[in-house]
There are 2 protein chains.
Amino acid sequence: MSKNATNTGRRAGLDRNDMVAAALALVEADGVGALTMRRLAAELDVTTNTIYWHVGSRDELILEIIRSHSRQIAELPIEGTTAQERVFSAARHIWESSMASRSVTSLAHQTGTAAEHLHPLEVVLAQELEAAGLRGEELARAQRSIQVTVGGFLLNALRSDASREGDARGAAWTDEDNGLTPETVDALAQSPDYDALLADTLRAIIATHVG
Amino acid sequence: MSKNATNTGRRAGLDRNDMVAAALALVEADGVGALTMRRLAAELDVTTNTIYWHVGSRDELILEIIRSHSRQIAELPIEGTTAQERVFSAARHIWESSMASRSVTSLAHQTGTAAEHLHPLEVVLAQELEAAGLRGEELARAQRSIQVTVGGFLLNALRSDASREGDARGAAWTDEDNGLTPETVDALAQSPDYDALLADTLRAIIATHVG
DNA sequence: ACCTGAACACCGTTCAAGT
DNA sequence: ACCTGAACACCGTTCAAGT
């Protein structure tokens, strides 16, 4: 667990960044639930107070994790030639990197720091919207509509991850007498393909704003 | 705190429904954070074990709260004459009743029981989509796209509630050198009108599915 | 059957004290 | 300046015991 071999005295020799890095590693390895001050302290071979001294509080630690990870997000190249395609590409990048690091995304969602987390990619989206000719209030509406929608899909997709196997996700639809067609009930009972669904939804939204 | 005057012995005389009702009242009064087994026990003038005996666990209690509140959701009348208008109306009902009981909605979101919570209103939406001529897989895509989008807006709107006053919500946009137009930055820095934004977004999505 | 008292194994956080 | 030991005020949950 201890990463510094040149530890002469009882000083741990760790700084704020080491704490944040270890916390990020912990979350990525064992999920959001594993991030407790006591576990992190054990991982670093120090007391919880050491973390408090360097970081301040659990909230600050989480904010730093998000900021730190935010800087590590690679800015994928925007693809497409038309304005709609390029905006679509920028929007999907937000989805893709969020899904790529699900644990951190979950942490960001649970702590209300999702905006902070994805800001770099959101800037790229805004730039593409400007390139498409949008400005000011008009751009803000498109931007937010896209951001919020992607956020909604992330929420559901990450929840699907968490729920066990093919359990009773759509059981509510089959186990009751709602006046729906059998083929509709069947379709609703199956687990959705969020990836494809987001693509369709995004295209619909983007078409109304840039075109 | 004690609601039963006819309490002869040391028996509390409370059943499962009383626990769930008190828990629901607690959440609506003091928010999700107030729902601890110990606080609920104190509210009912019993020990936590009494709750465990009647309900089982905190997770079961929350599920029952959601189910109980789900039954209390009034089914507002669908408005509009065209298919698009009526689907829009059904979709907005999900948003409206979720916002009307924010605390329970927050609880449902945090515990992954949002689908359970809003299911009655989602059935109404599905029925309107069938009335609009959709069936099976085609309907499921429309249904989910709408549900997930509304969920995303709820997530953001409820978070805006929680965040203090007019603090640094859009500060990230103004405090940096992203190559954006000043009027765009200004627009993005302001707090969004989720209600109006959802209306626009829903119309865009619905238009692509029912026409 | 229904309920209590006491305890277990956790949390985040703080305070006084050490070097 | 940097870190420990011990404690406070909470959690959810369980177990043996009472009536």
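Note that the structure is a prediction, hence the values are computed from the model and not measured. So you know, we letter chains A, B, ... as the sequences are listed, proteins then strands, and number each from 1.
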If you only use heavy atoms from C-beta on, which nucleotide in C:dC11, D:dC11, C:dT13 is closest to the side chain of A:Thr36? C:dC11
Tell me the interatomic distance from A:Asn49, atom CG, to D:dC8, atom P, rounded to whole angstroms. 15 Å
Tell me: CG of B:Leu35 to C1' of D:dC10, nearest whole Å? 15 Å
Counting C-beta onward and ignoring hydrogens, is there a side-chain heavy-atom pair between A:Tyr52 and A:Met37 closer than 4.5 Å? yes
Can you measure A:Leu61 atom CG to C:dG12 atom P for me and round it to whole angstrom units? 10 Å
Among D:dT4, C:dA1, D:dA7, which is the nearest nucleotide to the side chain of A:Thr50? D:dT4
Under-4.0 Å side-chain N/O to phosphate OP1/OP2 contact, A:His54 with D:dC3: yes
Are side-chain heavy atoms of B:Glu176 and A:His119 found at a separation under 4.5 Å? yes
Whole angstrom value for the distance that separates P of D:dA6 from OH of A:Tyr52: 19 Å
Kindly indicate whether the side chain of B:Glu122, heavy atoms from C-beta on, has any atom under 4.5 Å from the side chain of B:His93. no
What is the distance from atom CZ of B:Arg92 to atom CG of B:Leu198, rounded to the nearest 0.5 Å? 6.0 Å
Take atom CE of A:Met37 and atom P of C:dA9, then tell me their distance rounded to the nearest Å. 23 Å
Suppose we define a pair by two distances each less than 3.5 Å, Watson-Crick or G-U wobble; what does D:dA7 pair with here? C:dT13
From CG of B:Leu14 over to C1' of C:dA1, roughly how many Å is that when rounded to an integer? 15 Å
Judged by each residue's nearest nucleotide on DNA chain D, which is more toward the 5′ side, A:Trp53 or B:Ser57? A:Trp53
Looking at D:dC3, I'd like to know if its phosphate oxygens (OP1 or OP2) sit under 4.0 Å from a side-chain N or O belonging to A:Thr47. no
Nearest 0.5 Å please: distance from the CD atom of B:Glu28 over to the OG atom of B:Ser101. 6.5 Å
What's the CD1-C1' distance between B:Ile62 and D:dG12, to the nearest Å? 11 Å
Suppose we define a pair by two distances each less than 3.5 Å, Watson-Crick or G-U wobble; what does C:dT19 pair with here? D:dA1
From CZ of A:Arg16 across to P of D:dC2 the rounded distance in Å is 13 Å
